[in-house]
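Heads up, the thing below is written out as structure tokens.
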Amino acid sequence: MVSNVTDSIKYVGVDDHDIDLFESQYIVPEGMAYNSYVILDEKTVLMDSVDASKTDEWLANVKEALGGRKLDYFVVQHIEPDHSGSFKACIDAFPEAKVVSNAKTFSMLPQFFENLELGDRAYVVKEGDTLSVGTHTLQFILAPMIHWPEVMMTFEQSEKVFFSADAFGKFGALDFDDPEGWACEARRYYFGIVGKYGQMVQTLLKKAAPLGIEKILPLHGPVLPMPGTELSYYLDTYNTWSSYEPEDHGVFVAYASIHGNTAKAAKLLAEMLEAKGEKVAISDLCREDMAECVEDAFRYDRMVLCSSSYDAGVFLPMHDFLTHLSAKTYQNRKIAIMENGSWAPSAARTIKSIVEGWKNVEVLDKVVTIRSSVKSTDIPEIEALADAVVEAGK
């Protein structure tokens, strides 16, 4: 599909509806977009390539956008395979094109393409360098660890367009009209893929602030702003996410239940919290998409972890969830714990040993222990835990 971003910037990316797991871990029922753009001026510029599975379709789009013109510059902002998979096909199809990127990119490209020899086709840029291609001037901004070390982004000065690499991306093909808009799948994408690197995103936002950006062109997801929205919404949301601040005042209840008794306790707690006026999200860690659970953990200011004990530790789906949060540097939240154990409850102790190492995370003193199943004598204790969670949010 070729379409106009502006009169001189063309979208030449492709949708992938064949993919089941993005990066072999993120469920993408609505597919994935691999974005790429062509700038037409005195010189022509191609911004990034796409996954190898879509090379032929993508090259056809590029050639259509060029309209018979040669390609002068091929800008490589990120060499993860979903963006560099068609790199070799591109440089073979356009042998006169200069490959524009930073030194780190050129050092890493041979790891993916054996015997790669670019010679004088390599056009090395560094932070702040510019490239004039006529009325358009590209300004290069290094953005290491968002989310690979070689990543750079590009600001086109005349039209104030920001090519943001993987930043500001979302899951889903572009031909899917997402009823939830941008934020839901962008949030899952951010915390799954970029989330560990909040400090680097904060650095990028500071670099971007004085540029006067009017459009953001990511490598996944729609051009921003989407119709009916302001660009500030996306920048402000990214600032919230990357500073690890809660997006919503509310409680995420995450439970891992072996035989269903812990699930009943967690659902009872959620009902109590809602009755006390709290916004509540609840997830079954054994059955629901782990990336969705991670997303909700970051979204809310408080979380309750409810788990069965298992092998003198914690039930493995809960342990897996905590491992994901540790990997994404979960922080700045308040956590409550409810455990279940038939003969030797151990979940709370194990959970505490993990979460107490997280930055600026407060574990509430009140812990509820269920013995096998919820009984009438447990109700006041669960109610007291709900009260403690509400109080923690004040």
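Small disclaimer: the values here were computed from a predicted structure and weren't measured. Values reported hereafter were calculated over all heavy atoms of this structure, with side chains retained and with hydrogens, waters and symmetry mates removed.
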Exercise. Does Asn61 use its side chain to pair, donor to acceptor, with the backbone of Gly13 at less than 3.5 Å?
Worked result: yes
For this session: I would like to know whether Lys54 and Asp18 meet salt bridge (charged side-chain N to carboxylate O under 4.0 Å, His left out); could you show each step before the answer?
Result: CA-CA 10 Å; Lys54 297 295 179 180; Asp18 300 320; 3.4 Å; yes
Exercise. Going from SG on Cys306 to CG on Leu268, what distance comes out if it is rounded to the nearest 0.5 angstrom?
Worked result: 10.5 Å
Exercise. Does any N or O in the side chain of Arg187 come within less than 3.5 Å of the main-chain N or O of Glu185, such that one atom is a donor and the other an acceptor?
Worked result: no
For this session: Using salt bridge (charged side-chain N to carboxylate O under 4.0 Å, His left out) as the criterion, list what pairs up with Glu127, not counting sequence neighbours.
Result: Lys207
Problem set entry | Polar side chain donor-acceptor pair, Glu159 to Thr6, under 3.5 angstrom | yes
Exercise. Is a side-chain N or O of Lys10 found less than 3.5 angstrom from the main chain of Val5, in a donor-acceptor match?
Worked result: no
For this session: Using modelled atom types only, decide if a donor and an acceptor are shared between the side chain of Arg299 and the backbone of Pro246 within a distance under 3.5 Å.
Result: no
For this session: Please report the C-alpha distance between Tyr197 and Gln199 in whole Å, then the side-chain angles of each, then the deciding distance to 0.1 Å, and finally whether the side-chain contact (heavy atoms from CB on, under 4.5 Å) criterion is met.
Result: CA-CA 6 Å; Tyr197 304 108; Gln199 182 177 348; over 6 Å; no
Seminar exercise, completed: Contacts of Glu274 meeting salt bridge (charged side-chain N to carboxylate O under 4.0 Å, His left out) (sequence neighbours excluded), chain-then-number -> none
For this session: Using a 4.5 Å cut-off on heavy atoms from C-beta on, say whether the side chain of Val100 contacts that of Val76.
Result: no
Exercise. Should Leu138 and Tyr73 count as side-chain neighbours, where that means a heavy-atom distance under 4.5 Å?
Worked result: no
Exercise. With a 4.5 Å heavy-atom cut-off, do His319 and Ile354 have their side chains touching?
Worked result: yes
Exercise. Would a line drawn from the ring center of Phe298 to the ring center of Tyr190 be shorter than 6.0 Å?
Worked result: no
Exercise. Does a side-chain N-to-carboxylate-O contact under 4.0 Å join Arg371 and Asp378?
Worked result: no
Exercise. Just checking, any donor-acceptor pair under 3.5 angstrom between side chains of Asp48 and Gln77?
Worked result: yes
Exercise. Can you check whether Leu109 reaches Lys104 side chain to side chain, under 4.5 Å on heavy atoms?
Worked result: no
Exercise. Can you name the residues that form a ring-ring contact (aromatic ring centres under 6.0 Å, His included) with Phe163, not counting sequence neighbours?
Worked result: Tyr37
For this session: Answer yes or no: does atom CG of Asp7 have more than 12 heavy-atom neighbours from other residues, nucleotides or ligands under 6.0 Å?
Result: no
Seminar exercise, completed: Sequence neighbours excluded, the answer for ring-ring contact (aromatic ring centres under 6.0 Å, His included) partners of Phe252 is none
Exercise. Do Tyr330 side-chain atoms and Val355 backbone N/O form a donor-acceptor pair below 3.5 Å?
Worked result: no
Exercise. Does a donor on one side chain and an acceptor on the other come within less than 3.5 Å for Ser86 and Ser49?
Worked result: no
Problem set entry | Side chain proximity check, Val38 to Ile9, heavy atoms < 4.5 angstrom | no
Exercise. Does Gln25 CD have over 12 foreign heavy atoms under 6.0 Å away?
Worked result: yes
Exercise. Counting N and O atoms only, with roles assigned by atom type, does the side chain of Gln139 sit under 3.5 Å from a partner on the main chain of Gln157, one being a donor and the other an acceptor?
Worked result: no
Problem set entry | Validation row: Ile370, Glu339 side chains within 4.5 angstrom (heavy atoms) | no
Exercise. According to the side-chain hydrogen bond (donor to acceptor under 3.5 Å, both in side chains) rule, which pairs have a member within residues 348-359, sequence neighbours left out?
Worked result: Ser326-Trp358
For this session: Please answer whether the main-chain N or O of Phe140 pairs with a side-chain N or O of Asp129 as donor and acceptor at a distance below 3.5 Å.
Result: no
Problem set entry | Neighbour count >12 (heavy atoms, 6.0 Å) for atom OH, Tyr310 | no
Seminar exercise, completed: Rounding to 0.5 Å, atoms CG (Asp236) and CD (Glu230) come to a distance of 11.0 Å
For this session: Step by step, work out the ring-ring contact (aromatic ring centres under 6.0 Å, His included) result for Phe74 and Phe94.
Result: CA-CA 9 Å; Phe74 175 26; Phe94 302 105; 8.5 Å; no
Exercise. Under the criterion side chain to side chain contact (heavy atoms under 4.5 Å, CB included), which of Phe321, Tyr255, Phe315 is the partner of Ser307?
Worked result: Phe315
Problem set entry | Remaining members of the apolar cluster that contains Ile27, side-chain heavy atoms under 4.5 Å | Leu21
Problem set entry | Residue pair His17, Glu30: steps toward the side-chain hydrogen bond (donor to acceptor under 3.5 Å, both in side chains) verdict | CA-CA 7 Å; His17 285 290; Glu30 304 303 336; 5.9 Å; no
For this session: Answer yes when Glu381 and Lys375 have at least one side-chain N-carboxylate O distance shorter than 4.0 Å, and no when they do not.
Result: no
Problem set entry | Residues, nucleotides or ligands: over 12 heavy atoms within 6.0 Å of Lys126 NZ | no
Exercise. Under a 4.0 Å N-O cut-off, is there an ion pair linking Arg121 with Glu96?
Worked result: no
For this session: List for me each residue that meets side chain to side chain donor-acceptor pair (under 3.5 Å) alongside Asp296, sequence neighbours excluded, and say none if there are none.
Result: none
Exercise. Quick one: salt bridge (charged side-chain N to carboxylate O under 4.0 Å, His left out) partners of Glu292, sequence neighbours excluded?
Worked result: Arg188
Problem set entry | Validation row, ring centre Phe168 to ring centre Tyr234 under 6.0 Å | no
Seminar exercise, completed: Residue set satisfying salt bridge (charged side-chain N to carboxylate O under 4.0 Å, His left out) with Lys279, at least two apart, ordered chain then number -> Asp248
Problem set entry | Non-hydrogen side-chain atoms of Leu305 and Ile335 separated by less than 4.5 Å | yes
Exercise. According to the ring pair (Phe, Tyr, Trp, His ring centres under 6.0 Å) rule, which pairs have a member within residues 49-70, sequence neighbours left out?
Worked result: none
For this session: Tell me yes or no: between the side chains of Glu245 and Thr240, is some donor less than 3.5 Å from an acceptor?
Result: no
For this session: Begin with the C-alpha distance, continue with both residues' side-chain angles, and end with the deciding distance and a verdict on side-chain contact (heavy atoms from CB on, under 4.5 Å) for Asn261 and Val374.
Result: CA-CA 7 Å; Asn261 289 307; Val374 177; over 6 Å; no
Problem set entry | Other residues, nucleotides, ligands: >12 heavy atoms within 6.0 Å of Asp387 CG | yes
Exercise. Taking Ser257 for the side chain and Thr262 for the main chain, is one N or O donor matched with an acceptor at less than 3.5 Å?
Worked result: yes
Could you pull out all donor-acceptor pairs under 3.5 Å where a side-chain atom in residues 39-47 meets a protein atom, sequence neighbours excluded?
residue : atom : partner : partner atom : Å
Asp41   : OD1  : Thr135  : N            : 3.2
Asp41   : OD2  : Thr135  : N            : 2.8
Asp41   : OD2  : Thr135  : OG1          : 2.9
Asp41   : OD2  : His136  : N            : 2.8
Asp41   : OD2  : His136  : ND1          : 2.5
Thr44   : OG1  : Lys70   : O            : 2.7
Thr44   : OG1  : Asp72   : N            : 3.0
Thr44   : OG1  : Asp72   : OD2          : 3.4

Check: residues 212-226 side-chain donor-acceptor pairs under 3.5 Å, at least two apart:
residue : atom : partner : partner atom : Å
His220  : ND1  : Ala33   : O            : 2.6
His220  : NE2  : Asp82   : OD2          : 2.9
His220  : NE2  : His83   : NE2          : 3.2

Exercise. Distance only, no hydrogens: is a donor on one side chain within 3.5 Å (strictly under) of an acceptor on the other, for Asn4 and Tyr11?
Worked result: no
